[in-house]
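Below, all heavy atoms of this structure are taken into account, side chains as well, without hydrogens, waters or symmetry copies.
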Amino acid sequence: ATRKGMAIRFAETDVRSMGRTARGVKAITLGRDDEVVGMAVLHAGQKVLTVSETGYGRLSPIENYRMQSRGGKGLKNYHTEKYGEVATVLVVDPENDDVIIISSDGVIIRVCAGEIRECARPSKGVKVMRLAEDSRVVTLARVPHEEGEATETIEDDGSDADEGAETEAEME
């Protein structure tokens, strides 16, 4: 996934084995001023968590990301023009994982992944972290869920979480 809201899904077998000093293969074609912010191996039952620098996040089913050939531009994953650039993406198990979110001003929160709303691929999602004025989300980490561990509660801001969602044809 990229900072400017694109994502690509391709088969792991499309990446050939190489030595330690090899350059590697091209995974995604980046647009102007774009960069990769995360990658993950998908497994059945997991969801893709996308969180923006402005504190919005959403879970999406892995089926929302169709298979493509590596090296392509990918699909629209997030509307960065409206809701801020993508901080990172993670693949999580909503029933067994918590997510630790860290902001640029040093605030750290722990959220149960299952409390984040599942939405269509390019939608905004819900506010997963309230941020101070000049602060932004800088990174996330996935950790096993522990019963009794204090976690933040996700607040729905009342806006339509699927705002910005489009049909499959419009997403490409």
Side-chain angles (χ1 to χ4, degrees), residues 1-9 24 26-42 46-62 64-65 73-146 148-166 171:
T2 74
R3 185 163 309 286
K4 299 291 184 188
M6 300 301 288
I8 192 166
R9 177 183 178 192
K26 186 175 199 172
I28 188 168
T29 298
L30 296 173
R32 177 179 220 132
D33 300 325
D34 205 356
E35 61 187 354
V36 173
V37 294
M39 60 89 34
V41 177
L42 304 175
Q46 294 183 323
K47 307 284 183 195
V48 177
L49 172 63
T50 302
V51 177
S52 74
E53 291 181 337
T54 57
Y56 285 93
R58 55 122 168 89
L59 293 173
S60 298
I62 58 177
N64 280 191
Y65 299 85
K73 290 178 67 175
L75 304 171
K76 189 70 158 178
N77 183 43
Y78 201 75
H79 290 287
T80 59
E81 314 78 36
K82 295 180 184 177
Y83 311 118
E85 294 184 339
V86 175
T88 194
V89 296
L90 290 176
V91 175
V92 297
D93 179 348
E95 295 178 20
N96 299 312
D97 290 336
D98 285 349
V99 178
I100 295 176
I101 307 172
I102 304 172
S103 71
S104 59
D105 58 352
V107 175
I108 301 171
I109 65 168
R110 184 177 183 142
V111 175
C112 178
E115 290 183 12
I116 301 171
R117 187 186 302 174
E118 185 175 321
C119 305
R121 175 169 32 94
S123 63
K124 171 177 76 170
V126 295
K127 195 71 150 170
V128 294
M129 183 176 199
R130 281 177 272 143
L131 298 165
E133 193 166 314
D134 290 324
S135 184
R136 62 186 180 88
V137 172
V138 291
T139 194
L140 311 174
R142 184 185 75 185
V143 295
H145 180 70
E146 294 181 16
E149 186 74 30
T151 61
E152 294 287 321
T153 302
I154 301 299
E155 295 178 12
D156 194 340
D157 64 1
S159 68
D160 183 10
D162 284 331
E163 183 180 322
E166 302 164 341
M171 289 189 254

Glu133: what forms a side-chain hydrogen bond (donor to acceptor under 3.5 Å, both in side chains) with it, not counting sequence neighbours?
-> none

side-chain contact (heavy atoms from CB on, under 4.5 Å) between Thr2 and Val86, worked out = CA-CA 7 Å; Thr2 74; Val86 175; over 6 Å; no

Can you check side-chain contact (heavy atoms from CB on, under 4.5 Å) on Thr29 and Ile8, steps first, answer last?
-> CA-CA 10 Å; Thr29 298; Ile8 192 166; over 6 Å; no

Interatomic distance, Arg9 atom CZ to Ile62 atom CD1 [nearest 0.5 angstrom] | 5.5 Å

Could you tell me how the ring of Tyr83 sits relative to the ring of Tyr78: parallel (under 30°), tilted (30 to 60°) or perpendicular (over 60°)?
-> perpendicular

Cys119 and Pro61: which non-hydrogen atoms are nearest, and at how many Å?
-> O-CD, 4.1 Å

Report yes if the side chains of Ser135 and Val107 come closer than 4.5 Å at any heavy-atom pair, otherwise no.
-> no

What are the two closest heavy atoms between Thr80 and Arg3, and how far apart are they?
-> CG2-O, 3.5 Å

Starting at CD1 of Ile28, measure out to CE of Met39 and round the result to the nearest 0.5 Å.
-> 11.5 Å

From NZ (Lys124) to OG1 (Thr54), nearest 0.5 Å = 9.0 Å

For Thr88, which residues count as a side-chain hydrogen bond (donor to acceptor under 3.5 Å, both in side chains) partner, sequence neighbours excluded?
-> none

Please round to the nearest 0.5 Å and tell me the distance separating atom NZ of Lys127 and atom OG of Ser52.
-> 7.0 Å

Heavy atoms of Pro122 and His79 approach each other most closely as O-CD2, 3.0 Å

Identify the residue among Ile116, Leu90, Asn77 that makes a side-chain contact (heavy atoms from CB on, under 4.5 Å) with Thr50.
-> Asn77

Name all pairs fulfilling the salt bridge (Lys or Arg N to Asp or Glu O under 4.0 Å) condition that reach into residues 134-145, sequence neighbours left out, sorted by first residue then second.
-> Glu53-Arg136, Asp97-Arg142

For the pair Val91 and Val41, evaluate side-chain contact (heavy atoms from CB on, under 4.5 Å) and give the outcome as yes or no after the intermediate values.
-> CA-CA 8 Å; Val91 175; Val41 177; over 6 Å; no

Separation of Leu140 CG from Ile109 CD1 (nearest 0.5 Å) | 9.5 Å

Glu81 CD: over 12 foreign heavy atoms closer than 6.0 Å | yes

Beyond-backbone contact of Val37 with Glu85, side-chain heavy atoms, under 4.5 angstrom = no

Can you name the closest pair of heavy atoms from Leu59 and Pro94 and give their distance?
-> CD1-CG, 4.2 Å

Asn96 and His145: side-chain hydrogen bond (donor to acceptor under 3.5 Å, both in side chains), yes or no, with the steps?
-> CA-CA 5 Å; Asn96 299 312; His145 180 70; over 6 Å; no

Looking only at heavy atoms, which two atoms of Arg110 and Asp98 are closest? And how far apart?
-> NE-OD2, 2.8 Å

